[in-house]
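The structure appears right after this line, and notes come after that.
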Amino acid sequence: DAGVIQSPRHEVTEMGQEVTLRCKPISGHNSLFWYRQTMMRGLELLIYFNNNVPIDDSGMPEDRFSAKMPNASFSTLKIQPSEPRDSAVYFCASRSTSGSRGEQFFGPGTRLTVL
Amino acid sequence: KNQVEQSPQSLIILEGKNCTLQCNYTVSPFSNLRWYKQDTGRGPVSLTIMTFSENTKSNGRYTATLDADTKQSSLHITASQLSDSASYICVVSAEERGRGGADGLTFGKGTHLIIQP
């Protein structure tokens, strides 16, 4: 298995532009998570899905952020409009079981820079 | 509020030496605790998971301990190697009925470990 796949790996954009990050979870996993990581705050959960349904989006910082999971093999995280403070590494993770004991498998991340 | 505190924030040791990383938590009700290793430029990878009844668990040169009474965990690395240079993140899960994010997960900010030759 290729593991969790994220694209792009790096994104540089200008303030105000729309950014779309993509994630393909491990086949057969039914939970998907989006995280943001910065030096100051560490890993922060933004949103997670179970069976393609958003369960908890309380970590989404504001209305500029939105996430979708149209099917079991694809999810997007969109920022519109982007701001310099959104600069961070965004990780997608998937898990095969519901419940906190299941291991999350992380993708390589997308490093976003907003100028 | 559920919290996970890790110490030290960063650590530099010589190759071959041992080290211990600490994780203190206030997550309740406790379900399990994981240690993740995150290499530079990559996503975190799970090293070990510990539940309430487990005191010690080893994974090669990594040994994790858990004291559920004092709500403390440690990760001991024996005979460090250059490849151990990474960030180590402690993640504590509350029981599903608790609070704290996805299935009650609370993340520490990590310890940045550098192994020098």
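To find a chain, count down the sequence lines: A is the first, B the second, and so on, and within it residues start at 1.
Tracing side-chain contacts under 4.5 Å through hydrophobic residues (I, L, V, M, F, W, Y), one reaches B:L113 starting from B:L47; they form part of the same cluster. B:L75 is not connected to B:I12 by any chain of hydrophobic side-chain contacts under 4.5 Å among Ile, Leu, Val, Met, Phe, Trp and Tyr, and they are in different clusters. Both B:I77 and B:I115 belong to a single network of hydrophobic side chains, linked directly or stepwise wherever heavy atoms of I, L, V, M, F, W or Y lie under 4.5 Å apart.
For CZ of A:R41, the number of neighbouring non-hydrogen atoms (other residues, nucleotides, ligands) closer than 6.0 Å is 12 at most. Counting heavy-atom neighbours within 6.0 Å of B:K71 NZ, excluding the residue itself, gives a total above 12. Around the CD atom of A:E62, the shell of radius 6.0 Å holds more than 12 heavy atoms that belong to other residues, nucleotides or ligands. Applying the 6.0 Å contact sphere to CD of A:E18 captures more than 12 heavy atoms from other residues, nucleotides or ligands. Atom CG of A:D63 has 12 or fewer neighbouring heavy atoms from other residues, nucleotides or ligands inside a 6.0 Å radius.
For the residue pair B:G41 and A:R9, the shortest heavy atom distance occurs at O-NH2, 3.5 Å. Of all heavy-atom pairs spanning A:F91 and B:Q38, the tightest one is CZ-NE2, 3.2 Å.
Neither the backbone nor the side chain of A:E44 comes within less than 4.5 Å of any heavy atom in chain B. Residue A:I55: no heavy atom, backbone or side chain, is found under 4.5 Å from chain B. Heavy-atom distances place the backbone of A:M40, and not its side chain, under 4.5 Å from chain B. Of the two parts of B:S87, neither the backbone nor the side chain holds a non-hydrogen atom closer than 4.5 Å to a non-hydrogen atom of chain A. Of the atoms belonging to A:R111, not a single heavy atom falls under 4.5 Å from chain B.
Of the listed residues (B:P44, B:G110, B:S46), the one with the most heavy-atom contacts under 4.5 Å to chain A is B:P44.
Atom-to-atom distance recorded for B:F107:CZ and A:Y35:OH is 3.5 Å, nearest 0.5 angstrom.
Proximity of A:Q37 to B:I89: side-chain heavy atoms (C-beta onward) are separated by under 4.5 Å at one or more points. Annotation: side chain of B:L105 is not in contact with side chain of A:L45 (no heavy-atom distance under 4.5 Å). Between B:V91 and A:Q104 there is no side-chain heavy-atom pair separated by less than 4.5 Å.
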